[in-house]
There are 2 protein chains.
Amino acid sequence: MSKTTKRALSGCPIDYALSVVGDGWTLLIIRDIAIKGARTYAELLEGWEGISTNILAQRLRHLEEAGVLEKRKNPTNWRSFNYELTPKGRDLAPLLSELILWGGKYNKAENPMTDTVTQVRSDRVGFERNILDAESGEN
Amino acid sequence: MSKTTKRALSGCPIDYALSVVGDGWTLLIIRDIAIKGARTYAELLEGWEGISTNILAQRLRHLEEAGVLEKRKNPTNWRSFNYELTPKGRDLAPLLSELILWGGKYNKAENPMTDTVTQVRSDRVGFERNILDAESGEN
DNA sequence: CCTATCAACTTGCTTTTTGCAAGCTGATAG
DNA sequence: CTATCAGCTTGCAAAAAGCAAGTTGATAGG
């Protein structure tokens, strides 16, 4: 299923959404940026699940091209870059909410992120505002 | 990224959710059942995007094992089966809403499913109730 | 200048997953 | 006892993911 087959062209909004964020890694990257506060390439590499470096680079490029992320110079470390969500990326906040609620409801494993589930359950609006209102330069 | 690596075990609800519905095809299958009303293997094969038969079989097995789908005999055609959403599967309705809203907002292609986007925008509760209240035997 | 540093990638190769076409299965209608 | 047909399997080629090691390039320190 190549990236630009009938998939994105079917015109179905679900299909379009999945063509942008529908692979196994993309929403974890967005989670790390939106919730965990990861910003640099190195921070994203260290995520809990261990994405490999070539795949991370590829996905970041894809997300930039899709207008979900923006790469900008880190103001304090000249050789580092910050990946930030664009408004389009921040608009994924409600999707994250639903993933957290559904995952929190049905995942029976031990849960280090119980606090996040609890937060979304008790104050979904606040959770999403944290993501939506994130300042990132101008945008 | 095998199906049962650290991914599902990280305890993160997003990670768990993605381990169940996070690949490119799964949510399209759920869309076809929940929205398009597809029920049989053959109907699912004919979806707009053209999933291949071995992958469809694999995904259906995975979704059954995860408790999202249920396979039951078709009452009118003895050699056919119906795939139906379980309560866990129907609980994905809000996730579909968000995908549709996000996809509808940012997809700039021609859009055969504009009606669905419009419906979710104007009556999200009703849209989700259609999925959540679907009768499917006992459940 | 010139060399070491280090964040951010690339590259090359192996393993896994996907895609496609063709074939198998098995209950029943005729 | 044979054809049918929905629902799959199987085999093989192509694409994607995973892993380890190497490359790049601006600058800080000598």
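The structure displayed is predicted, hence computed values, not measured ones. Hydrogens, waters and symmetry mates are skipped; everything else that's a heavy atom, side chains included, is used. Proteins get letters first, then strands, A, B, ... in listed order; numbering begins at 1 in each.
- Ranking D/dG18, C/dA8, D/dG7 by closeness to the A/Asn54 side chain, first place goes to D/dG18.
- Atom CD1 of A/Ile51 and atom C1' of C/dT10 are 15 Å apart (whole Å).
- Whole-Å rounding puts the A/Lys73 NZ to D/dT27 P distance at 9 Å.
- Which of C/dT10, C/dA22, C/dT18 sits closest to the side chain of B/Ile55 comes down to C/dT18.
- Comparing C/dT18, C/dC9, D/dT9 by their closest approach to the side chain of A/Lys71 singles out C/dC9.
- Atom pair B/Gln58:CD and D/dT9:C1' shows a separation of 12 Å (rounding to whole Å applied).
- Rounded to whole Å, the distance from CG on A/Leu60 to P on C/dT10 is 10 Å.
- Rounded to whole Å, the distance from CG on B/Leu44 to P on D/dG7 is 9 Å.
- Under a 3.5 Å cut-off, the side chain of B/Glu43 and the backbone N or O of B/Thr40 do form a donor-acceptor pair.
- Listed by chain and number, the residues in a side-chain hydrogen bond (donor to acceptor under 3.5 Å, both in side chains) with A/Asn54 are A/Ser52 (sequence neighbours excluded).
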Distances under 3.5 Å between nitrogen or oxygen atoms of protein and nucleotides 3-6 of chain D:
residue, atom, partner, partner atom, Å
D/dT4, O2, B/Arg79, NH1, 2.9
D/dC5, O4', B/Arg79, NH1, 3.0
D/dC5, O2, B/Arg79, NH1, 2.9
D/dA6, O3', B/Ser80, OG, 3.3

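- For the pair B/Lys71 and B/Phe81, the cation-pi test (distance below 6.0 Å, angle within 45°) is passed.
- Residues passing the ring-ring contact (aromatic ring centres under 6.0 Å, His included) test with B/Tyr106, sequence neighbours excluded: B/Trp102.
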